[in-house]
There are 2 protein chains.
Amino acid sequence: MLTFKQLRYFVAVQQHLHFGNAADEVCVSQPALSMQIRDLEKELGLSLVERNARSIRLTPSGEEIAKRASHILRQMQDLKDYAEHAALPLSGKIRLGIIPSLAPYILPKLLPALTKQYPDLQLELRETLTASLVSELKHGSLDVILAALPIEEPDLEEEPIFEDQFLLAVSSSRKIDERKRMGATDLHGENLLLLEEGHCLRDQTLSFCGSIGQNQSANLGATSIATVLHMVASGYGVTVLPEICADTEIADERITLLRFAEPQPSRRIGLIWRKTSPRNDDFIALAECLRDVTN
Amino acid sequence: MLTFKQLRYFVAVQQHLHFGNAADEVCVSQPALSMQIRDLEKELGLSLVERNARSIRLTPSGEEIAKRASHILRQMQDLKDYAEHAALPLSGKIRLGIIPSLAPYILPKLLPALTKQYPDLQLELRETLTASLVSELKHGSLDVILAALPIEEPDLEEEPIFEDQFLLAVSSSRKIDERKRMGATDLHGENLLLLEEGHCLRDQTLSFCGSIGQNQSANLGATSIATVLHMVASGYGVTVLPEICADTEIADERITLLRFAEPQPSRRIGLIWRKTSPRNDDFIALAECLRDVTN
DNA sequence: GCATCTGATAAGGATAACTTATTGGAATGA
DNA sequence: TCATTCCAATAAGTTATCCTTATCAGATGC
């Protein structure tokens, strides 16, 4: 069988036009090199080297083979270089899935930090609902996802990053004392605005408020938090807003954010990956980076 | 060390996503393949395959490595294909040197014949004087030359092709009986026109006529046979012309060709190559082809 | 719970590859 | 002319590698 060793030895012969020197270069004895060259010629069924009493030269075919061999060896080196590169912590390609209620708020902080700290990392992003992310993660088309815990899949690992407190967003026209801590009961009779089906934030909000029996008849579900907040600002109702969204979304004076009374409701944000994934260390490092940018 | 085998096995794993099937494809046992993959991962210092109880998948780095490996294997196959091609009789690249008093007369017959019989042959041609050809042959920048024998270099092999009879070209105005066989003595007092220094034909002509003491004072040497013949046609003198040139050159009615008396002078045309050249068979085949086209 | 399927591991034998020492053939130089 | 030198090939023996069969360990599914 054709081997890389043969090609390497042969390229050395081409460069030195001397078996002994070529053998030195590849750190073997001259007979070892001679044998490999002989094997290569036998393998290819063709003379590559013209042996002359005092010197050697390559045949025209030999020159062509040497050219091709050099090229192959170079690509081999490229492959090794790539591997070395990819073996660094948090480098190479990582496919990260993020839920829509996090992506627009975390990425603007995360991406610059990653670029700075791990310049070799190529992040491929996908934003969709938790269920799809988990499915893609299990299938292997994603490496890791950032979502609300728990997922509780037996073959997935969960790494908590931070607690994201829920706030109540109401229209500023309501003139509520912002220092007042809201209880779930304060939502009685309010029109609770929600994201559309499938968003985990919707489910979390409902499970918190569910026992209250508030009015949600008008709720067909919005497609984004920004949309929900526009509705709040316009006085259509109230909504529950994760704190991480607050900085970005609330430039609008028509919205007032109210904190809930203790124990404050919250969602736990974390990274999830396959337990069998060999990139555990990478994901732990990514989690650390996420903690840094979310304080 | 990174080996070709590891890459081949790994690409098989990528294609089957199953160690057992991949092992079947490359015709080894499953443990053998597993070990090679393990070695490859160790060699590259990075996980390529994510082992799951029931199935496996490649890591993103693994996919990239597999892509590069496939490419390398393909080039490896190309190299083998090239070698197979080049191992055929008279195929691949051959650098042929020819002397000027042969090239224009033999090539028009030789090249079409070669193309037809050996389509895989790439002939690189060089036309210059014998001394240069021999030097380049010995140096290795030519593989074989077609010239007049003997060369009598100890490390060169000579293979005669055919005898090229010399004819005497005279001006038709001389009204000589064309059936008359010329003797060297008939050249007495003639102005013998010759090629310039270095042409073997000049030397051969002189060695044949040298003992005669003919007038050659006006001879500074022409650069081509065509030039010499123009001079003959114009009545400046006579010349000795190899028969192989006759067909091509003598469309001119102002020139009459005369045969010499037995033993007719001639030159022996042959192929010459380095005794150490491994392409002996190729050159023998080339000689055969040359005999065919020169009858 | 048992059969089945996965890849990993273990042990032993075959093969390949390397080492040093030597040979053979040609060129060099006294 | 003959000894010397140079270079690659060859020989013999050891080492390392690779592969095989057999077995294991974990997970899955009937």
Side-chain angles (χ1 to χ4, degrees), chain A residues 1-43 47-59 62 138-140 153-157 274-278, chain B residues 1-43 47-59 62 138-140 153-157 274-278:
Chain A
M1 197 210 295
L2 200 51
T3 70
F4 281 124
K5 199 184 308 189
Q6 290 166 352
L7 298 189
R8 233 188 40 182
Y9 288 7
F10 180 53
V11 169
V13 168
Q14 179 207 24
Q15 288 167 348
H16 289 90
L17 291 178
H18 186 289
F19 277 60
N21 298 347
D24 285 347
E25 166 159 333
V26 298
C27 299
V28 292
S29 62
Q30 169 262 316
L33 180 128
S34 285
M35 285 189 288
Q36 289 296 328
I37 300 298
R38 184 168 43 73
D39 289 352
L40 178 61
E41 290 183 309
K42 197 171 144 199
E43 173 71 32
S47 297
L48 302 174
V49 182
E50 183 178 326
R51 282 99 165 149
N52 203 329
R54 207 75 185 167
S55 65
I56 62 171
R57 62 165 62 88
L58 300 196
T59 63
K138 289 168 76 176
H139 176 258
E153 287 273 353
D155 44 359
L156 296 185
E157 185 79 40
R274 292 182 302 276
K275 278 180 175 158
T276 51
S277 170
Chain B
M1 198 209 296
L2 201 52
T3 70
F4 178 44
K5 199 184 310 186
Q6 289 165 353
L7 298 190
R8 236 191 35 188
Y9 288 8
F10 180 53
V11 169
V13 168
Q14 179 208 23
Q15 288 167 347
H16 289 90
L17 291 177
H18 186 289
F19 277 59
N21 298 347
D24 285 348
E25 168 161 330
V26 297
C27 299
V28 292
S29 63
Q30 169 263 315
L33 180 128
S34 285
M35 285 189 287
Q36 290 296 328
I37 300 299
R38 184 168 45 72
D39 289 351
L40 178 61
E41 289 183 310
K42 197 171 146 198
E43 174 71 32
S47 297
L48 302 174
V49 183
E50 183 179 325
R51 282 100 164 150
N52 203 328
R54 208 72 185 165
S55 66
I56 61 170
R57 61 165 62 87
L58 298 198
T59 65
K138 289 168 77 176
H139 176 259
E153 287 275 351
D155 44 1
L156 295 185
E157 185 77 40
R274 293 182 299 275
K275 278 180 177 158
T276 52
S277 170

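- As rounded to whole Å, 14 Å separates atom P of C:dT9 from atom CD1 of B:Ile37.
- A:His18 places its NE2 atom 8 Å from the C1' atom of D:dC6, with the value rounded to the nearest Å.
- Without hydrogens or angle criteria, A:Glu41 side chain to A:Leu48 main chain gives a donor-acceptor distance under 3.5 Å.
- Proximity of B:Arg38 to the phosphate of C:dA8: no side-chain N or O atom is located under 4.0 Å from OP1 or OP2.
- One interatomic measurement links the two molecules: NE2 of A:His16 to C1' of D:dA8, which rounds to 16 Å at whole-angstrom precision.
- Of the two residues near DNA chain D, B:Pro31 and B:Asp39, the one whose nearest nucleotide lies more 5' is B:Asp39.
- Within 4.0 Å of A:Ser29, counting heavy atoms only, lies at least one base atom of the nucleic acid.
- One finds the CG atom of A:Leu33 at 11.0 Å from the NE2 atom of A:His18 (value rounded to the nearest 0.5 Å).
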**Study point:** Check against side chain to side chain contact (heavy atoms under 4.5 Å, CB included), A:Leu40 and A:Gln36
**Key:** CA-CA 6 Å; A:Leu40 178 61; A:Gln36 289 296 328; over 6 Å; no
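- Here the side chains of A:Ile56 and A:Val13 are in contact, with some heavy-atom distance below 4.5 Å.
- Candidate nucleotides C:dC18, C:dG7, D:dA9 were compared by shortest atom distance to the side chain of A:Lys5, and C:dC18 ranks first.
- Here D:dC19 is the nucleotide among C:dC18, C:dT9, D:dC19 with the atom lying nearest to any side-chain atom of B:Ala32.
- Formation of a donor-acceptor pair under 3.5 Å by the A:Gln6 side chain with backbone atoms of A:Thr3 is found in this model.
- Checking C:dT9, D:dA8, C:dT19 against the side-chain heavy atoms of A:Val28 singles out C:dT19 as nearest.
- The CZ atom of B:Arg57 sits 15 Å away from the C1' atom of C:dT6 (whole-angstrom rounding).
- In this structure, A:Met35 atom CE and D:dT15 atom C1' are separated by 13 Å, rounded to whole Å.
- As rounded to whole Å, 15 Å separates atom P of D:dT23 from atom CD of B:Gln30.
- Remark: P of D:dT21 and CG of B:Leu33 are 15 Å apart, rounded to the nearest angstrom.
- The distance between atom CE of A:Met1 and atom C1' of D:dT17, rounded to the nearest whole Å, is 13 Å.
- Considering only side-chain N and O atoms, A:Tyr9 lies under 4.0 angstrom from the phosphate OP1 or OP2 of C:dC18.
- Considering only the side chain of B:Gln36, D:dC18 comes nearest among D:dC18, D:dT20, C:dG7.
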